[in-house]
Amino acid sequence: MLKNSHRSDLHFMKDALELAKAAAAEGNEPFGALLVKNQHIVAKGKNHIHTESDPTYHAELGIIRDYCHSSGITDLSDYTLYTSCEPCCMCAGAIVWANVGRVVYSLSHDELAEIAGFNIMIGSDEVFERSPHIPAVTKNVLKDEAEKIYQEYFGKN
C-alpha cells in the first residue's frame with residue numbers, strides 16, 4: 001500500500017508542478033495545486049494573484065474556494081490536496097476550515113524563503129498544530145524538481 005501511495009504522490013505532484021509552471025507562464029507566481037479523491041483529480045488550481053488582482057488567490061485557497069462553491073461540499077476530509085510548495089499560513093487556515101484530510105507538498109516554506117528571499121515566518125505545521133483539525137501531511141515529494149522551478153522564477157525577479 002505504501003508503495004502505491006508513494007507512486008500516486010509522485011504522479012500527482014508532477015501535475016501540481018506543471019500547474020506551477022503554467023501559473024508562472026501566465027504572469028503569476030509559480031504555485032499549483034490539485035485536489036484528489038479516490039485517486040481521481042477533482043479540481044486543479046494555480047496561483048492567480050497577478051492576473052486576478054487578488055493577493056489571496058493562492059493555488060490552495062483558490063482550489064478550495066472554487067471546488068467547495070461548485071460542488072456544494074464543505075467537508076474535504078476524504079480528499080488529498082497536492083501542492084507545489086508548503087501552504088502559507090493563510091492557505092493552511094483554509095485547509096483546516098475545509099477539513100482537508102491529507103496534504104502533500106514538495107518544497108518547504110523555509111526552503112522557498114531561502115530561494116525567494118522572504119518568509120512570512122509561520123509555516124503550515126504551526127497552523128495545523130494549533131487547529132481543531134490536523135490533516136495528515138507528506139513532505140518533500142519531488143523536492144528537487146520544485147527547487148528548480150522556484151530558483152528559475154525567483155532568480156529572474
Side-chain angles (χ1 to χ4, degrees), residues 5 8-9 11-116 118-143 146 149-150 153-154:
S5 175
S8 295
D9 287 351
H11 170 76
F12 290 126
M13 186 56 69
K14 285 180 185 177
D15 288 350
L17 293 174
E18 288 302 316
L19 287 165
K21 290 179 196 175
E26 295 168 5
N28 294 293
E29 293 179 356
F31 298 95
L34 300 172
L35 193 59
V36 174
K37 182 177 182 185
N38 298 327
Q39 299 299 308
H40 296 289
I41 298 170
V42 297
K44 296 180 180 185
K46 297 179 281 196
N47 181 296
H48 288 287
I49 62 173
H50 299 306
T51 54
E52 296 294 326
S53 299
D54 180 352
T56 69
Y57 208 133
H58 293 193
E60 302 93 337
L61 181 58
I63 201 171
I64 290 169
R65 179 189 308 133
D66 295 346
Y67 182 75
C68 289
H69 177 77
S70 67
S71 69
I73 297 169
T74 57
D75 181 353
L76 302 179
S77 56
D78 293 332
Y79 296 75
T80 298
L81 180 68
Y82 289 87
T83 181
S84 58
C85 191
E86 179 180 358
C88 72
C89 56
M90 175 182 69
C91 294
I95 289 165
V96 167
W97 296 123
N99 294 316
V100 173
R102 182 170 178 245
V103 176
V104 179
Y105 66 80
S106 190
L107 197 65
S108 80
H109 168 264
D110 290 335
E111 291 162 331
L112 177 63
E114 287 179 30
I115 294 168
F118 58 87
N119 192 333
I120 202 162
M121 304 310 290
I122 300 170
S124 63
D125 284 344
E126 185 173 348
V127 174
F128 296 153
E129 288 169 6
R130 295 171 177 239
S131 298
H133 168 73
I134 302 173
V137 177
T138 301
K139 305 174 182 183
N140 301 319
V141 176
L142 297 178
K143 179 180 142 183
I149 293 167
Y150 293 109
Y153 179 82
F154 287 106

### Query
side chain to side chain contact (heavy atoms under 4.5 Å, CB included) between Ile41 and Phe12: does it pass, once the steps are laid out?
CA-CA 8 Å; Ile41 298 170; Phe12 290 126; 3.6 Å; yes
### Task
Give the intermediate values and the outcome of side chain to side chain contact (heavy atoms under 4.5 Å, CB included) for residues Leu107 and Tyr150.
CA-CA 9 Å; Leu107 197 65; Tyr150 293 109; 3.6 Å; yes
### Task
Could you walk me through whether Leu142 and Leu17 pass the side chain to side chain contact (heavy atoms under 4.5 Å, CB included) test, one step at a time?
CA-CA 9 Å; Leu142 297 178; Leu17 293 174; 4.0 Å; yes
#### Entry: side chain to side chain contact (heavy atoms under 4.5 Å, CB included) between Tyr67 and Val42, worked out
CA-CA 8 Å; Tyr67 182 75; Val42 297; 3.8 Å; yes
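The two residues Leu34 and Lys44 have their closest heavy-atom pair at CD2-CG, 3.5 Å. In terms of heavy-atom proximity, Asn47 sits nearest to Ala23 at O-CB, 3.8 Å. Here the closest non-hydrogen pair linking Val141 and Met13 is O-CG, 3.5 Å. Heavy atoms only, all atoms of each residue included: Pro87 and Glu60 are closest at CA-OE2, 3.7 Å. Phe128 approaches Ile134 most closely through the heavy-atom pair O-CG1, 3.1 Å. The shortest heavy-atom contact between Val103 and Val100 is CG2-CG1, 4.3 Å.
For the side chain to side chain contact (heavy atoms under 4.5 Å, CB included) criterion with Leu35, the lone passing option out of Thr80, Ile64, Asp66, Leu76 is Leu76. Residue Lys46 forms a salt bridge (charged side-chain N to carboxylate O under 4.0 Å, His left out) with just one option from Glu52, Glu18, Glu26, and that option is Glu26.
The CE atom of Met90 lies 13.0 Å from the OG atom of Ser124; values are rounded to the nearest 0.5 Å. Here the OG-NZ distance, from Ser84 to Lys143, works out to 15.0 Å after rounding to the nearest 0.5 Å. Here Cys89 contributes atom SG and Asp125 contributes atom CG; the two are 13.0 Å apart, rounded to the nearest 0.5 Å. With rounding to the nearest 0.5 angstrom, the NE2 atom of His133 is 9.0 Å from the OG atom of Ser131. The CG atom of Leu61 lies 12.0 Å from the CD1 atom of Ile49; values are rounded to the nearest 0.5 Å. Rounding to the nearest 0.5 angstrom, the gap separating the CG atom in Asn99 from the CH2 atom in Trp97 is 9.0 Å.
Looking at Glu86 and Lys139, no side-chain N of the basic residue comes within less than 4.0 Å of a carboxylate O on the acidic one, giving no salt bridge. Ion pairing of Asp9 with Arg102 is present here, as a side-chain N (NZ or NE/NH1/NH2) and a carboxylate O approach within less than 4.0 Å.
One side chain, Thr51 or Asn28, offers a donor N or O that lies under 3.5 Å from an acceptor on the other. Using a 3.5 Å distance cut-off with no hydrogens or angles, the side chains of Asp110 and Ser108 do not pair a donor with an acceptor.
Outside the 6.0 Å centre-distance limit, the rings of Tyr82 and Tyr105 are not counted as a close aromatic pair.
Side-chain atoms of Ile73 and Cys68, non-hydrogen and from C-beta on, never get closer than 4.5 Å to each other. At least one side-chain heavy atom of Ile95 sits less than 4.5 Å from a side-chain heavy atom of Leu81.
For residues 33-56, every residue pair satisfying the ring-ring contact (aromatic ring centres under 6.0 Å, His included) rule, not counting sequence neighbours, is listed here: His48-Tyr57.
By the ring-ring contact (aromatic ring centres under 6.0 Å, His included) test, His109 is found to be paired with no residue, residues two or more places apart in sequence or in another chain being considered.
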